[in-house]
Structures are given as structure tokens and as C-alpha cells.
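Each ligand, and each atom within it, is numbered from 1 in the order the structure gives.
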Amino acid sequence: MTGSIKIVLCLLLSSPACLASGLVQNPDARSGFSLDGPWSRIIDPYENGYYNHRLEPHVEGYFSNRKPQNPAELIEYDFAASPRLNVPGDWNSQEKELFFYEGTIWYQHDFSLDKQPGRRYLVHFGAVNYQAIVYVNGIRVGEHEGGFTPFQFDITGQLRNGENFIVVKADNRRERDQVPTVNSDWWNYGGITRSVRILDLPEHYLADYSLQLSDSGEIEGWVQLSSGGGTVEVEIDGLAATRSVPVDEQGFARFTLAAQPRLWSPESPVLYDVRWRFNGEVIEDRIGFRNIEVRGADILLNGQPVFLRGISLHEETPQGGSRAWSEDHARELLGWARELGVNFVRLAHYPHNENMLRMADEMGLMVWAEIPVYWTVMFTEPSVYAKAEQQLSEMIARDRNRASIVLWSIANETPQVEGRLEFLTRLAEKARELDGSRLITAALDTQSEMDGGKMIDDPLSSVVDVIGINSYCGWYGGTPESCSALVWRSKYDKPVIMSEFGAGALQGLHGDPGQRWTEEYQAAVYQNNLVMLDNIEFLRGMTPWILKDFRSPRRPLPGIQDYWNRKGLLSEDGEKKAAWYLLRDYYTKRAAAR
Ligand code: GCB
């Protein structure tokens, strides 16, 4: 079946298989408890806890968490006596020896439970990079691949009343057939990088829901129960909109509410308190309503043309280099973005933690959300496509109710090689099938040279709604001064976002604008690129690279980089560089000129 036929069928049949992912929506709002905190860890570069010396999987590996039963018994590991790692958190920044480590680390944690009959218990992980195998009380309950999206397992059958333990084998080895593949310009932070929770749910529960603005300006939604039968209540504060929704035998139902909500926008980020009630559970959420579409080269937010004044950022903590995960991290990172005068952020190059999206909702920042189909993934390999589609589906499942997200990005700087267009076309169709209410984009770096400039002619442009262009005039080619005269043409009547441009500078290093790594050089690149951008008539946004210096194994230059990509407008500790002020002034003028 072709993608477009499937989309039509999905829409006609309201098929739950097309929408709900099986992931529990809004896990933090469910009853249960957190497993965050110190976990015991064993570093296992040879996967000795998994394989025996014949490389056959152990029957009793480290996951069994075995203690000697008598003084003669040989057991060569002991979680209880092992060092601890904080969860959530990457391992690289917690122990000096683990800074460059790539491989397996076993995590173990004890917890107690008052197990009640008639309840379902799920263990939910915000993310583990890259592969996780999960065991409860020594029994394997599931595995997951992909470092930036949530997953869960029903562990009701494995849990005991009283003391329990959980073991996770986390493996961040890079492999050619992964998404991302072996080569990327960011740190491969390993471990249980986001929160872990035990969800304590009714036997029959509300698994997933969606609430959005319909084309006619009403509210439309759907619900998915864990199994068939029942009625869900939905209530939205401030709108006379309470509704009982009976589901079909598959536990699925669509509904509309005849309410006209105030619309979410950066100027007025209105969020409504929403309550879902089913089978004794009350699930609270905050949801905004807005519309995003394109018309020719324009992007329309709530029907009005909008220019996306943006900035790119990685998911790294405001101070120092480690994976960001908390609400405080999100507040500080996005607070800086707002101080810069943006109304838009590109959360590169993978799905960021959920706090970032909820904070963007609150702060009124539109979001470009992305999966790590980055550089040279194996486009002709069906299993690689399946991994990309899984990550896309998990991202959309988690974030579909966040008004801030206006763009799903399916790829970054992919080469025009065999299989690429088919792979990415399929992925775009999948994104539209799962969520027809947002725009699809990709960041492209394969433009053709033409006299005096560049021609946007990558065939992937015809697949996306908004074309992202990454181009580093003045850094990877040309002098800073040459950029202002660079001309851009496009073969497509579509909006273009300059999704990356920039230059490296060591904060505090000053000199001539012609001298690499100085703040002056970086500022000159910005100044000239902004002139160039002002001359692109179909430009509808930009997300310069990047808010803050970030760790990268590709950047070893001693004394300057020391394994930091220096293209930040802020240093790794948040000190402002000259280009920060230049871009802030530019955005202030742009906002006033609207
Ligand atoms: C790019 C990539 C980004 C890199 C950046 C750079 O084009 O998309 O991931 O970090 O360039 O600094 O070279």
C-alpha cells in the first residue's frame, strides 16, 4: 500500500493503529513513583555480564544480581559494593574515566512496592542512550533502541509485593546501522539520561490522547484506552467544554468540542488546564491551541504571516558539558533564547527532553523538533528505515499535544545518495499520517552553485513543507565579507528557513575580524550573513548555529576547542560573545519591523 493511500485509509477508518503509539501519554501526571536517584553501576566494556567466554548469552548474567549463597561460591561482581551513578544523567560527565567511554554499563536499583491486586505497573524511561535491555527481579522485560525517545514495559507479572530490583544494560556503542550513525558533531552521552518512573495504573486505563485545533477553529481530539470499552470524560478549564467520549471495541474514539479557544502564539502563549477522567484516574495537562500552515512562501501562524526569529540549541546543561534533562535546565536554556529576542528554537539534532517542550509551551517559543537522521545514515537498509520511523513515531507520540511544536524535521544534511529520497519521502508521509496538523521540514546542505550564489534545487525540497538550509558562508568557505553579496534562488515556491549558519569563536579571544576564533571574526560572519539573509525574498525564518558552545569529539584543537564546538553565541558556561549582541539587536529590529 502506498503511503498516501494509507493516510486516506487512516483518516477514513479512524484507525488507532495509525495514531496511538502504545506509549502512555503524560507519564508524569500518572500515579506511581520515581526511580530517580543513585543507581549502582558496573562498567562492562567486554559485555562480560551478558556473554560467556564462548560469546553465548549467559543464563545468569549481571542482570540476576546474584549474591554468594555460601562462602565458597564464585561471583565476580557485586552491585551493592559498586559505585553509583545519578539517574537521570549521562555517565560521561559523572566520572572522569567515563568521559570518552562508549560501550556497556549495567545499572541496578532497589525499590519496594506495595503491590495491589487489579493494578497495572509499568516502568517508564524518558530515554536511555542508545540501547537498553531491562530486567526486573532478574527477568528480562524488554529492550529498546534509540537514545532520545521514551519507552515503557508492563512489569506487573515480574513485580513482587515488597522488595524488588531493576537492572538496565545501557550500551552507547556507535554502529553504522544506527540512527544516528557513527559520525556526528555532538557528544555521545551514554546512560539513563532521563527520568525513570514506575506507573501505577488501573487495570484498564487511558493510554493516550490528543487535543488540537481543527481546521474549522473548534477543538478536535481522540482517546485510546489500554483495551476496549468505557467512556472517557474530558474537561477544559475556562471553556464550557466538558464531554463524555464513549470508545469503540478497540478502545478508540474521536471527538470534537464546539469551543472556540483563545489561540496560543509567542505574544500570547495561552494554555488551558485540561482534565481527563477514566476509571478512577484524573490526568491533568496544559494544552494550547493554534494553527500553522504554509501559503506559497509564507508561514502562517493562526492565519497571520510570521517570521521565525530563531536559534539552534543542543540538549546540554547551561553550565559545563553534560546532558540536560531538568525543568531548571530548560528554564535557563530557553530563558537565554528569549533574552536573545527569539520566537522560535531549533532543538537539534534529536528529540530533546519533555521539559524543553513544556517550557517552550509556557514561554511562547515555537519549536522545530527533529530526529537524528543525520549525515550518512544507511538509506538502503530497511532496518535503518524502521529505526528512524520508530524514533519519529515515539517523538510525535510524546509531543503531539505541545502547541509550541510547529515543525517536525525528518533529516539533517543528508547526502544525495541512492535510497535517500525514497527513505525520506516515506518518513515525511509517516509524519503526516501520525500528525497532519504540523509542517514537515528537513535541513539541507546540498545546493547547487550558480553565478554569484546558490540555487536551492535539492529534490527533497518537493517533499517538505518548509525548506531548511544549512550554509556556512565565511566559515567553511568564503571570507566573511564575501557573504553579504551572496545571492540565493529557489526552484520551489516554498518558505525557506536558514536553519544553520555561524562561526567559531573562543569567548574572550579578541583580535582582528580576519583572525579565526576571535569574537570579532564570528561577529563579522554574522554581520555579513544577516545582510545576505535580508536579501532572500522567500526567507521566513532562521536558526543560527548555535546558542551555546557544546561538546564534540570532532573538535580537538588545543587551547581553542579542547573538544568544544565553539560556534556558540555563549561560551560553555553562558558568557556572551560579541555576536550575541549583534544578533540580539538584529532581532529587536526585526520584531519591531513586523
Ligand atoms: C552542521 C551540522 C551541525 C554541526 C555544524 C558545525 O552543518 O548540522 O551538527 O555542528 O554544522 O559546527 O559544523
Does Arg555 pair with Asp549 as a salt bridge, N-O distance under 4.0 Å?
-> no
For ligand 1, is Trp186 a contact, meaning one of its heavy atoms is under 4.0 Å away?
-> no
Rounded to the nearest 0.5 Å, what's the gap from CG on Asp457 to CD on Gln416? Could you check?
-> 7.0 Å
Enumerate the atoms of ligand 1 whose separation from the nearest heavy atom of His349 is less than 4.0 angstrom.
-> 3 (C), 8 (O), 9 (O)
With Glu572 as reference, evaluate Arg551, Lys577, Arg566 under the salt bridge (charged side-chain N to carboxylate O under 4.0 Å, His left out) test and give the passing residue.
-> Arg566
Trp545/His349 aromatic ring centres below 6.0 Å = yes
Do any nitrogen or oxygen atoms of Trp375 lie less than 3.5 angstrom from nitrogen or oxygen atoms of ligand 1?
-> no
Can you tell me which residue and heavy atom of the protein come closest to atom 13 (O) of ligand 1, and the distance to 0.1 Å?
-> Tyr476 OH, 2.4 Å
Going by the 4.0 angstrom heavy-atom rule, the piece of Arg555 near ligand 1 is side chain
Between the main-chain N or O of Ile469 and the side-chain N or O of Ser499, is there a donor-acceptor pair closer than 3.5 Å?
-> yes
salt_bridge(Arg489, Glu537) N-O dist < 4.0 Å = no
Heavy atoms from other residues, nucleotides or ligands near CZ of Arg295 exceed 12 (cutoff 6.0 Å) = no
Find the distance between CG (Leu334) and CG (Leu313) and round it off to the nearest 0.5 Å.
-> 6.5 Å
Honestly, for Phe501 the part within reach of ligand 1 (heavy atoms, under 4.0 Å) is neither
Which protein non-hydrogen atom lies closest to atom 12 (O) of ligand 1, naming both residue and atom, and how far is it?
-> Lys567 NZ, 2.6 Å
Ligand-side contact atoms (ligand 1) for residue partner Phe550, heavy atom cut-off under 4.0 Å = 10 (O)
Note: Ile546, heavy atoms under 4.0 Å from ligand 1, region reported as neither
Are the charged groups of Glu433 and Lys430 less than 4.0 angstrom apart, N to O?
-> yes
Can you establish whether the number of heavy atoms outside Glu175 located under 6.0 Å from its atom CD is more than 12?
-> yes
Report yes or no: does Tyr472 have a heavy atom closer than 4.0 Å to ligand 1?
-> yes
Atoms of ligand 1, numbered as shown, that sit under 4.0 Å from any heavy atom of Asn470 = 8 (O)
For atom 10 (O) of ligand 1, which protein heavy atom lies nearest, and how many Å away is it?
-> Asp185 OD2, 2.5 Å
Which of the numbered atoms in ligand 1 are below 4.0 angstrom from a heavy atom of Asn412?
-> 8 (O)
Passing candidate, side-chain contact (heavy atoms from CB on, under 4.5 Å) with Trp408, options Ile371, Val367, Ile440, Leu434 | Ile440
Nearest to atom 7 (O) of ligand 1, what protein heavy atom do you find, and at what distance?
-> Glu413 OE2, 2.2 Å
Who's the nearest protein heavy-atom neighbour of atom 2 (C) of ligand 1, and how far?
-> Glu500 OE1, 3.2 Å
Under 4.0 Å, heavy atoms only, figure out whether ligand 1 is touched by the backbone of Asn565, its side chain, both or neither.
-> side chain
Ligand 1 contact by Arg554, heavy-atom criterion under 4.0 angstrom | no
